[in-house]
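Read through the structure below, which is laid out as structure tokens, and then see the notes.
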Amino acid sequence: MLGDHKLTWSPIFSVIDFVTRVLSPYQFNPANYNPLRDLVEQSIDFEVLKRPDCPVKLFLSATNVRTGKVKIFSGTEISVSAVMASACLPTMFHAVEIDGEAYWDGGYMGNPALFPLIYNCKSTDIVTVHINPLFRKEVPRAAGDILNRINEISFNSSLMREMRAVSFVTKLIAQNRVVDGGLRRVLIHSIADDEFMGALSPTSKYNADWDFLISLRDQGRKCAGNWLAKNFVKLGVESSVDVDKMYL
């Protein structure tokens, strides 16, 4: 079970959490060692992703540390460094340098950035997969829980802003107020399990135990399967979520 104490909590995770709050990654990891980089490089054929005829369109968002702007990597810009930049948590890793610019996780400014999907893809459907709970029933009171909720809200804030724009455009189109066809109607879908994700402890984010990762994968597949059984018929037809109610 995922709720098993040994999988979701360990004194080691608490130590890591404490260290990342008092020391920067430039202090506790001066060599900038990141085993994930080697794993990504060995697992993904980036040359295929860069090809113009690649059947998969991939867009990676990162946050420019100096300007605070979102950066979208696509096409020939896709690389192992771009992947690492899109997942660079500043309390855990050094900023990723690409072409003289430093980048952090894209979640701070675009989590995810929807506009590349709207204007660079033919599909009218956008399916968002939530890894941070949008809603929590309880108000956090412990220091760790408060910081965790702050991070969840921060990482969801950019998505909320983009959904507000989607809602605005959708209403303009529905009211026949768009005459030049420059704006597209998109259908929004959401796969989420706030109850399950919300039950995990904040320190579980540091857990790289294989059994724990497998359990997360299995739960994700279960959640996606349930969503498909219920909403597959809505793809290409209508949104399966009330955007205003869920995001605004």
Side-chain angles (χ1 to χ4, degrees), residues 20 24-26 29 32 34-41 43-44 46 48-50 54 56-121 123 125-134 147-167 186 188-192 194 197 200 202 204-206 208 213 216 220 243 246-248:
T20 57
S24 83
Y26 298 89
N29 183 17
N32 196 21
N34 188 344
L36 181 60
R37 184 183 184 95
D38 293 336
L39 181 62
V40 169
E41 201 162 23
S43 305
I44 301 174
F46 288 97
V48 171
L49 292 173
K50 291 179 180 180
C54 179
V56 176
K57 288 187 177 181
L58 177 62
F59 302 95
L60 300 173
S61 62
T63 302
N64 188 304
V65 179
R66 296 185 178 91
T67 67
K69 297 179 180 179
V70 63
K71 165 66 178 178
I72 303 298
F73 295 96
S74 64
T76 57
E77 296 176 315
I78 297 296
S79 66
V80 63
S81 291
V83 173
M84 301 312 297
S86 73
C88 178
L89 297 178
T91 58
M92 293 292 296
F93 308 109
H94 295 207
V96 178
E97 297 276 346
I98 300 176
D99 296 331
E101 292 291 345
Y103 295 98
W104 284 339
D105 192 301
Y108 297 104
M109 290 303 296
N111 188 42
L114 299 184
F115 60 88
L117 305 178
I118 297 174
Y119 296 106
N120 294 282
C121 299
S123 174
D125 295 281
I126 293 180
V127 181
T128 61
V129 180
H130 294 271
I131 58 173
N132 288 309
L134 283 174
L147 288 174
N148 184 58
R149 188 55 182 157
I150 289 173
N151 286 332
E152 289 175 349
I153 292 173
S154 298
F155 271 68
N156 284 323
S157 63
S158 55
L159 177 62
M160 299 288 196
R161 291 194 299 270
E162 294 228 26
M163 287 301 184
R164 186 175 296 277
V166 168
S167 174
V186 294
I188 301 297
H189 312 277
S190 172
I191 300 178
D194 281 4
M197 296 302 295
L200 296 176
S204 67
K205 292 181 173 68
Y206 304 117
L213 297 179
L216 287 176
V243 173
M246 186 168 187
Y247 295 104
L248 308 188

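Here, residue 1 is the first one in the sequence, and each next residue gets the next number.
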Subject >> Closest heavy-atom pair and its distance - Val65, Ala95 >> reply: CG2-CB, 4.3 Å
Original post:
If you take all heavy atoms of Gly107 and Ser158, which pair is closest and at what distance?
Top reply: O-OG, 3.7 Å
Subject >> Nearest-0.5 Å distance, CG of residue Asn120 to CZ of residue Phe115 >> reply: 9.0 Å
**OP:** Could you pull out the closest heavy-atom pair between Pro116 and Ile72, with the gap in Å?
**Re:** CG-CG2, 4.0 Å
**OP:** Indicate the atoms forming the closest heavy-atom contact of Met163 with Thr128, along with that distance.
**Re:** CE-CG2, 4.0 Å
Subject >> Minimum heavy-atom distance Arg66-Ala102, with the two atoms named >> reply: NH1-N, 3.3 Å
Original post:
Yes or no on side chain to side chain contact (heavy atoms under 4.5 Å, CB included) for Ile118 and Val166, after CA distance, side-chain angles and deciding distance?
Top reply: CA-CA 10 Å; Ile118 297 174; Val166 168; 4.2 Å; yes
Original post:
Do side-chain atoms of Asn132 reach the backbone of Glu152 as a donor and acceptor pair under 3.5 angstrom?
Top reply: no
Subject >> By salt bridge (charged side-chain N to carboxylate O under 4.0 Å, His left out) - contacts of Lys205 (at least two apart) >> reply: none
Original post:
With a 4.5 Å limit on heavy-atom distance, are the side chains of Leu216 and Leu200 in contact?
Top reply: yes
Subject >> Check: Leu159 and His130 side chains under 4.5 Å, non-hydrogen atoms >> reply: yes
Subject >> Distance-only polar pair, side chains of His189 and Asp125, donor-acceptor under 3.5 Å >> reply: yes
Subject >> Atom pair OG/CD of Ser167 and Glu162 - distance to nearest 0.5 Å >> reply: 13.5 Å
Contacts table for residues 73-80: side-chain donor-acceptor under 3.5 angstrom, sequence neighbours left out:
| from | atom 1 | to | atom 2 | distance (Å) |
| --- | --- | --- | --- | --- |
| Glu77 | OE1 | Ser74 | N | 3.3 |
| Glu77 | OE2 | Lys71 | NZ | 3.0 |
| Ser79 | OG | Ser81 | N | 3.4 |
| Ser79 | OG | Ala82 | N | 3.2 |

Original post:
Looking at CE of Met84 and CG of Leu36, how far apart are the two atoms once the value is rounded to the nearest 0.5 Å?
Top reply: 4.0 Å
**OP:** Check whether more than 12 heavy atoms from other residues, nucleotides or ligands sit under 6.0 Å from atom CZ of Arg161, and answer yes or no.
**Re:** yes
**OP:** For residues Val40 and Phe46, determine if any side-chain heavy atom of one lies less than 4.5 Å from a side-chain heavy atom of the other.
**Re:** yes
Subject >> Ile44 side, atom CD1; Leu49 side, atom CG - distance, nearest 0.5 Å >> reply: 7.0 Å
**OP:** May I have all residue pairs that pass side-chain hydrogen bond (donor to acceptor under 3.5 Å, both in side chains) and include part of residues 92-104, sequence neighbours excluded?
**Re:** Asn64-Glu101
Original post:
Considering only heavy atoms from C-beta outward, does the side chain of Pro90 approach that of Tyr108 to under 4.5 Å?
Top reply: yes
Subject >> From Thr20 atom OG1 to Asn29 atom CG, the distance as rounded to the nearest 0.5 Å >> reply: 12.5 Å
Original post:
CG of Leu213: more than 12 outside heavy atoms within 6.0 angstrom?
Top reply: yes
**OP:** State, to 0.1 Å, how close Ala87 and Asp105 come at their nearest heavy-atom pair, and which atoms those are.
**Re:** CA-OD2, 3.6 Å
Original post:
Quick one: CG on Asn34 to CZ on Phe93, what's the gap to the nearest 0.5 Å?
Top reply: 4.5 Å
Original post:
Pro133 and side chain to side chain contact (heavy atoms under 4.5 Å, CB included): which partner among Asp194, Ile153, Asn148?
Top reply: Asp194
